[in-house]
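Working notes for the structure below.
Chain naming here is simple, since letters A, B, ... match the order of the sequence lines and numbering starts at 1 in each.
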Number of protein chains: 2
Amino acid sequence: MDTIDRKIATCLMGDARLSLAEISARVGLSTSAVNDRIQKLRQRGAIRGIRADLDPAAFGRPVLAFLFVALARGISEEAFRADIAGRPEVTACHHVTGGWNYLIQLRLEGLEALEAFLSMLKAGGWIERSETMLSLSAVVEPPVILRGL
Amino acid sequence: MDTIDRKIATCLMGDARLSLAEISARVGLSTSAVNDRIQKLRQRGAIRGIRADLDPAAFGRPVLAFLFVALARGISEEAFRADIAGRPEVTACHHVTGGWNYLIQLRLEGLEALEAFLSMLKAGGWIERSETMLSLSAVVEPPVILRGL
DNA sequence: TATGAAACTATACAGTA
DNA sequence: TACTGTATAGTTTCATA
């Protein structure tokens, strides 16, 4: 993992469809050397994959919500995680420090879907309390993947 | 934007290096029809790009922090956004509803870098108050891009 | 939307430092 | 061990129907 690997990774984050010839020109190595390095980065797991970055609105998911939840007492975190991980509207979920247990990111069709999600959490007895924040606009946005298309 | 487009997008989110032949087989269309659809999805902006998904730890950024900030009075939001957007540790930043103004996601080398970021925000007079949450583990994680490698 | 030819790209390999 | 250049295999692209 040296400067050249970082340059290659930077190229591929910007556009993973760049040809080896173009990347070679940018980093100053032959195409085969660049190819070797990319393969090694993938083998080591430094590059996890090459994925499409979608526009959520184009796929009918214009609403981005952040949800903080405090789990109900006696809930199995294992079961909660499995449930959450299986829901297609969940695009991120992190176990976090502080007054809340989990931070969940949702990509939704509309506010009705948000209400439905919150109802599901309450009805399932998973949570003690929650707080919801809606994204009004993005200043910096990472690649978007959507589940359940 | 029909079922086939959604299937194609799903394939490309999973692995954008799948050949047209493989995608064709999965969606039941010829390779050129699939190619046409992919190009149109890109032209329309439904597919924003094809990017590498990185392991942040492999690139020396093991710490994931979420930061909520309330801006100081009289601050130009325009200037704040420009400043934030230019900082490489910021991997997401959203203008949000509720008691906080912005939710910022940071990928950091360590806790020292978190402290430095908070100090910068305070010293710059940007914020009135803030709250930080650290991610302990990810249940669901979207693709990761890193800036400033 | 499908077919097939042409252009391009990635990959494997042999050789070199 | 890391790199280069070349030959091959594979993929995308494009013209045509």
Taking only the side-chain heavy atoms of A/Leu29 (C-beta and beyond), determine which of C/dA2, D/dT4, D/dT12 contains the nearest atom.
D/dT4
Rounded to whole angstroms, how far apart are NZ on A/Lys40 and P on C/dT11?
14 Å
Just how far, in rounded Å, is C1' of D/dT13 from CG of B/Asn35?
7 Å
So that I know where these two stand, are A/Phe66 and B/Phe66 an aromatic pair - ring centroids less than 6.0 Å apart?
no
Rounding to a whole Å, what distance do you find between A/Ile8:CD1 and D/dA2:C1'?
12 Å
After noting the C-alpha distance and the side-chain angles of B/Lys7 and B/Leu29, does the key distance pass the side-chain contact (heavy atoms from CB on, under 4.5 Å) rule?
CA-CA 11 Å; B/Lys7 277 190 192 175; B/Leu29 242 56; over 6 Å; no
Just to be sure I understand the rule, does B/Ala33 reach a base, reach only the sugar-phosphate, or reach nothing, if contact means heavy atoms closer than 4.0 Å?
sugar-phosphate
B/Gln39, nearest nucleotide to its side chain (from D/dT13, D/dA2, C/dT1):
D/dT13
Between CD1 of A/Ile38 and P of C/dT9 the distance, given in whole Å, is 14 Å
Which atom of B/Ala52 lies closest to which atom of B/Ile145, heavy atoms considered:
O-CG2, 3.9 Å
Checking all strands, does A/Glu22 fall into the base, sugar-phosphate, or nothing category for heavy-atom contacts under 4.0 angstrom?
nothing
Parallel, tilted or perpendicular: which one describes the rings of B/Phe68 and B/Trp100, with boundaries at 30° and 60°?
tilted
Want to settle it: does A/Ser32 or A/Arg17 sit nearer the 5' end of DNA chain D, counting the closest nucleotide to each?
A/Ser32
With nearest nucleotides of DNA chain C determined for A/Asp36 and A/Leu18 from heavy-atom distances, which residue corresponds to the more 5′ nucleotide?
A/Leu18
Any idea which of D/dA2, C/dT1, C/dT11 is nearest the A/Leu20 side chain?
C/dT11
Starting from C1' on D/dT1, measure out to CG on A/Asp5 and report it in whole angstrom.
14 Å
Write down the distance between CZ (B/Arg42) and P (D/dT12), rounded to a whole number of angstrom.
13 Å
Value in whole Å for how far the P atom of C/dT11 lies from CD1 of A/Ile23:
11 Å
Interatomic distance, A/Asp2 CG vs D/dC3 C1' [rounded to whole Å]
13 Å
For the pair A/Ser24 (side chain) and A/Thr31 (backbone), establish whether a donor and an acceptor sit closer than 3.5 Å, ignoring hydrogens and angles.
yes
